[in-house]
Amino acid sequence: MKPRAIRGMNDVLPDVSGTWRYLEEVVCDVVESYGYREIRIPIIEYTELFRRSIGDTTDIVEKEMYTFSDRNDESLTLRPEGTAGMVRAGITNGLLHNQRQKLWTSGPMFRYEKPQKGRYRQFHQFDIEAMGYHGPDVDAEIIILCARLWRRLGLSKLTLEINSLGSNEARLIYRQVLVDYFLTVKNQLDDDSMRRLDQNPLRILDSKNPDLREIIAAAPVMIDYLDEDSAQHFAGLKALLDAAGVVYSVNPRLVRGLDYYNRTVFEWVTDALGSQGAVCSGGRYDGLVEKLGGRPTPAVGWAMGIERLVALFEACGGVAPKHSPHVYIVAAGEEALTRAFQLSEELKDGIAAVRIEVNLGGGSFKSQLKRADKSGAQYALILGEDELAENVIGLKPLRSGEDQCSYPLARIVAELGDVLGKID
Ligand code: HAM
């Protein structure tokens, strides 16, 4: 019986892995140009970390975590997102006390969701977090750098939605307003929402149940209950985005599915990918560091879904640079193969960053040349008995239709270096 892959967990095959790597490199390049530095954190954390940060009554914690006991009976969870682990790492490594940090990380995340296009059980995020900054300037920066990234990748189909969730105190007032509203339509709520009415009524706004859409659409919105400081913060963010020419719309219904947010929340969305349109989402979480046991530290960040970024890049006609070999060495006969291996190493020593594949597994000239063509190489180097006898080697351009030439073996490193200088 063939082994099965786990539902919602995909292999990234060689034909697309080049696009993944290209996009990850460009994102990394852009965020590092704004001063963000990489941190690598474990894929597994104590379950408690996610419960306390993401929130007990969120869909993620209630329904979607991969949680298990280790051999020591400790409850561990495969990370459903990166922020909690980044904050934990900041606290446990003493990175946050009297310091400011701009960090990025990337890697797989795990959520037991219903798999569909753009939504997977193992998916990948690129994540940035700025900790220790409280003004709206950093909120603006992390959004503006996305706009730069979209331009650099030629992505035109993204729009920005922003909202403010205010302070914790203002949200308590709003919470009561919301409870009062939902009580008036109580008989139309589903079981989940009834339960959340007591525990966390804001989560009802995040419900995926289509039957609740109208009730939710008519609910009062947080932005009408903002405290003065949060209103100013939001105005500051909008002014900076305006000055930078970043277009946005305020979406008062944007609440996000994680409990740690306050003030700014935002999503870059597209309608080019079907129903899973959020490509990059984030916001401010000023209370989280303290809640997890660190000193009070304001923080803000976002995470981008790499699967969705790849899909959008392709939908916008983007093509990642290919890394085909420059040269494919065709070698007929045992002696020629031995010489081809030597030559390949000499060429790699002599020509910086050259990519060379030697034909493996023998074959006729014709079949080797077919493989050379399929490899995407620009040139084939041809070594057979005749060439060896004369101490020469054939150089055949595979893409231009130019004729094959012959060079003395002793000069081929210099000749090829010249020729490749032209194509690189
Ligand atoms: P999130 O909205 O849960 O936020 O996820 C961020 C992004 O990850 C989404 O916009 C989407 O592109 C991608 N994503 C989420 N779930 C899936 C899935 N099942 N399959 C494919 N892609 C998915 C967070 O995770 C926060 N930690 C973001 C953040 C960072 N907030 C502050 N700092």
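Computed from heavy atoms alone, side chains included, the values below leave out hydrogens, waters and symmetry copies. In this chain, residues are counted from 1 in sequence order. Indexing begins at 1, ligand by ligand and atom by atom, following the structure's order.
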Please list, in number order, the atoms of ligand 1 under 4.0 Å from a heavy atom of [X].
{"X": "Thr83", "result": "26 (C), 27 (N), 29 (C), 30 (C), 31 (N), 32 (C), 33 (N)"}
{"X": "Gly282", "result": "31 (N)"}
{"X": "Tyr261", "result": "26 (C), 28 (C), 29 (C), 31 (N), 32 (C)"}
{"X": "Glu129", "result": "30 (C), 32 (C), 33 (N)"}

Go through the side-chain N and O atoms of Asn168 and Asn262 and say whether any donor and acceptor fall under 3.5 Å apart. no

Among all the protein's non-hydrogen atoms, which is closest to [atom], and how far away is it?
{"atom": "atom 7 (C) of ligand 1", "result": "Ala303 O, 3.6 Å"}
{"atom": "atom 32 (C) of ligand 1", "result": "Gly301 O, 3.2 Å"}
{"atom": "atom 9 (C) of ligand 1", "result": "Ser281 OG, 3.6 Å"}
{"atom": "atom 23 (C) of ligand 1", "result": "Phe123 CD1, 3.3 Å"}
{"atom": "atom 12 (O) of ligand 1", "result": "Ala278 O, 2.8 Å"}
{"atom": "atom 21 (C) of ligand 1", "result": "Gly118 O, 3.2 Å"}
{"atom": "atom 13 (C) of ligand 1", "result": "Gly305 CA, 3.7 Å"}
{"atom": "atom 20 (N) of ligand 1", "result": "Tyr120 N, 3.0 Å"}

According to the interplanar angle, ranging from 0 to 90°, do the rings of Phe126 and Trp302 count as parallel (below 30°), tilted (30 to 60°) or perpendicular (above 60°)? tilted

Pairing of [X] and [Y] as salt bridge, 4.0 angstrom limit:
{"X": "Glu169", "Y": "Arg171", "result": "no"}
{"X": "Glu62", "Y": "Arg195", "result": "yes"}
{"X": "Glu267", "Y": "Arg256", "result": "yes"}
{"X": "Glu64", "Y": "Lys208", "result": "yes"}

Please report, to 0.1 Å, the donor-acceptor pairs under 3.5 Å made by any side chain of residues 288-301, with sequence neighbours excluded.
residue, atom, partner, partner atom, Å
Lys291, NZ, Arg52, O, 3.1
Thr297, OG1, Arg295, O, 2.7

Tell me which one of Arg308, Glu267, Glu113, Glu81 gets a heavy atom nearest to atom 27 (N) of ligand 1. Glu81

Look at atom 26 (C) of ligand 1 and find which of Phe266, Trp302, Tyr260 reaches it with the closest heavy atom. Tyr260

State if [X] counts as touching ligand 1 under the rule of any non-hydrogen atom under 4.0 Å.
{"X": "Gly283", "result": "yes"}
{"X": "Gln125", "result": "yes"}
{"X": "Arg256", "result": "yes"}

Does any part of the side chain of Asp286, heavy atoms only, come nearer than 4.5 Å to the side chain of His134, both counted from C-beta? no

Sort out for me which residue in Arg111, Arg203, Arg196, Lys114 forms a salt bridge (Lys or Arg N to Asp or Glu O under 4.0 Å) with Asp59. Arg196

Do Tyr66 and Tyr112 have ring centroids that are under 6.0 Å from one another? yes

Have a look at ligand 1 and work out which part of Val279, if any, has a heavy atom under 4.0 Å from it: side chain, backbone, both or neither. backbone

For ligand 1, note which part of Arg119 has a heavy atom under 4.0 Å away: side chain, backbone, both or neither. both

Value for CZ (Arg79) from CD1 (Ile41), rounded to nearest 0.5 Å, stands at 5.5 Å

